[in-house]
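First up is the structure itself, then whatever we jot down about it.
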Amino acid sequence: MQKTIEIFPENLELMTLNMGPQHPSTHGVLQLVIDLEGEVVRKITPIIGYLHRGKEKTAEVKTYHQFIPYTDRLDYLSPMSNNYAFVSTVEKLLGIEVTPRATYLRTLLCELARISSHLLWLGSQAMELGAATVFLYIFREREIIYDLFEAISGHRFTVSYMRVGGMARDIPDGWLEKVQAFTDDFPKRVTEYEDLLTLNEIFLQRTKGVGMISAADAIDLGLTGPCLRASDVGWDIRKSNPYLAYGELDWEMVVGTGCDVYERYLVRMEEMRQSNRIVQQCIQRMPDGPVNIDNPKVIYPPRDNVHKSMEDLIHHFMLAYEGFRTPEGEVYNSIEAPKGELGFYIYSDGANKPYRLKIRSPSFVNLQTLSKMCTGRLFADVVAVIGSLDIVLGDSDR
């Protein structure tokens, strides 16, 4: 269990320190109001809302397809996962089942997004604790993933690649071979990161026994993702409630018992290896066939579609502009995003846009565990703890 540090007498006056909302160690525009007794944290209050995004209200005036680019900008470090979480919720409302090729391609892309997200977490966590070299190393691999995303979507960062009913387009020739080359090389890169950090004495002192949270407390506070699994809770939606092709593939859920910052590091490192394993299996089993369902009311007309008349052109344009209509009702769907459970709730009144939309973002929920992890620890530990949560404020201020 975590040991609280008692150095100063109880009657010592507390000092209130404002950390953020612009400090880079807060991982975005997050303000932390910290009450300190000397250097010991007695109370910490996260304050969010500086981005003023309002995406949930924006969705009410956008058709379902028009809202897809907004999902890229939630957790902007894993836009493919955001795309899938939203379109799969709409597909659940419509009762749509995508093609086998789209299923495996989505699985592959979500795992590449997980690797990319975990890499940036690793680099930023290491740099904030003094290991700048790792931050430079991880961009070597991220650049390759960016190139892969650009080749299929035309964008490196905010991809907007997935569609309700399928994908924007099929993958180009030779793309899977490039992904295979990346997965063949990636395991030895992970070993390089581990050689720099896993037994590094300074890294161990800054992370072992820091930011402790028990399994019971993690569950009570709604913690999800690698942070939850590092507290000895075997919950991964990909295993617990399989979707896409995860139930057909051979991979292992990573669970740790340390409950601290160091264990969260170990869990994410092994998760990258498991994601690489999933991607390789998706390449080997990738089915042939279309990536989109055959329903012109849902799927936009293909870019290479040759219109035989102006009437056809106008008809397809109106279908794309007006959007499809969903049945009345409500639906919730969640996935295992890199940072934890990402869920979308949609209430439909039968229009071509949501009447109400609610996003269950992991960064927002995981932030409430910060006080539990930091109270009684030194101020310097706050940086290590908040880094281990891997939050993105675009995901919180949704």
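None of the values given here were measured: they were computed from a predicted structure.
Transitive grouping of hydrophobic side chains (ILVMFWY, heavy atoms separated by less than 4.5 Å) brings I34 and I391 into a common cluster. Under the 4.5 Å side-chain contact rule for hydrophobic residues, V261 and V254 do not share a cluster. Hydrophobic clustering (ILVMFWY, side-chain heavy atoms < 4.5 Å, transitive): I346 and Y332 are in distinct clusters.
The main-chain N or O of H155 is never found under 3.5 Å from a side-chain atom of Y146 such that the two would form a donor-acceptor pair. A distance-only check finds a donor-acceptor pair linking the side chain of R106 to the backbone of G166 [under 3.5 Å]. Although no hydrogens or angles enter the test, the distance criterion places a donor-acceptor pair under 3.5 Å between the side chain of E56 and the main chain of I359. Judged purely by atom type and a 3.5 angstrom limit, E39 has no side-chain atom pairing as donor or acceptor with the backbone of L378. For R398 (side chain) and L74 (main-chain N/O), no donor-acceptor pair under 3.5 Å exists by modelled atom type.
Across all non-hydrogen atoms, the minimal contact from S231 to A215 is O-CB, 3.2 Å. The shortest non-hydrogen separation linking S88 to N333 is OG-ND2, 2.8 Å. Contact record, Y243 with E336: OH-N, 3.0 Å, taken as the closest heavy-atom pair. Taking both residues in full, the closest heavy atoms of E252 and Q274 are given as N-OE1, 3.0 Å, listed atom of the first, atom of the second, then distance. Across M80 and I152, no two heavy atoms sit closer than the pair CE-CD1, 4.1 Å. Considering all non-hydrogen atoms of both residues, I68 and V164 come closest at CD1-N, 4.4 Å.
Partner of D147 under the salt bridge (charged side-chain N to carboxylate O under 4.0 Å, His left out) criterion, chosen from R140, R142, R156: R156. With K339 as the partner, the side chain to side chain donor-acceptor pair (under 3.5 Å) test is satisfied by one option alone out of S117, S81, S363: S117.
Classification of the Y76-F157 ring pair by plane angle, with boundaries at 30° and 60°, yields tilted. Taking the six-membered ring where the residue is Trp, Y262 and Y265 present tilted rings, their angle falling between 30° and 60°.
Under the 4.0 Å criterion applied to side-chain N and carboxylate O atoms, D390 and R264 are not assigned as salt-bridge partners. Contact check on E263 versus K208 returns no salt bridge, with no Lys/Arg side-chain nitrogen under 4.0 Å from an Asp/Glu carboxylate oxygen. Ion pairing of K92 with E97 is absent here, as no side-chain N (NZ or NE/NH1/NH2) approaches a carboxylate O to less than 4.0 Å. A salt bridge links K372 to D217: at least one charged side-chain nitrogen sits closer than 4.0 Å to a carboxylate oxygen. Ion pair D170/R101 flagged as a salt bridge, since at least one NZ, NE, NH1 or NH2 atom sits closer than 4.0 Å to an Asp/Glu carboxylate oxygen. Salt-bridge formation is detected for the pair E60/K57: a Lys NZ or Arg NE/NH1/NH2 atom is positioned less than 4.0 Å from an Asp or Glu carboxylate oxygen.
Judged by the 6.0 Å and 45° rule, R238 forms a cation-pi pair with Y246.
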CA sep, side-chain torsions, deciding dist, call: E341, T224, side-chain hydrogen bond (donor to acceptor under 3.5 Å, both in side chains) = CA-CA 6 Å; E341 180 180 349; T224 59; 5.7 Å; no
Decide yes or no on side-chain hydrogen bond (donor to acceptor under 3.5 Å, both in side chains) for T71 and N83, but give the supporting numbers first.
-> CA-CA 6 Å; T71 66; N83 283 181; 2.9 Å; yes
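Side-chain contact, S78 with D75: a donor N or O sits under 3.5 Å from an acceptor N or O.
Counting non-hydrogen atoms of other residues, nucleotides and ligands closer than 6.0 Å to OH of Y50 gives a total above 12. Around atom OH of Y345, more than 12 heavy atoms belonging to other residues, nucleotides or ligands sit under 6.0 Å away. In K239, the NZ atom is crowded: over 12 heavy atoms of neighbouring residues, nucleotides or ligands sit closer than 6.0 Å. Counting heavy-atom neighbours within 6.0 Å of I202 CD1, excluding the residue itself, gives a total of 12 or less. Heavy atoms of other residues, nucleotides or ligands lying less than 6.0 angstrom from CZ of F182 number more than 12.
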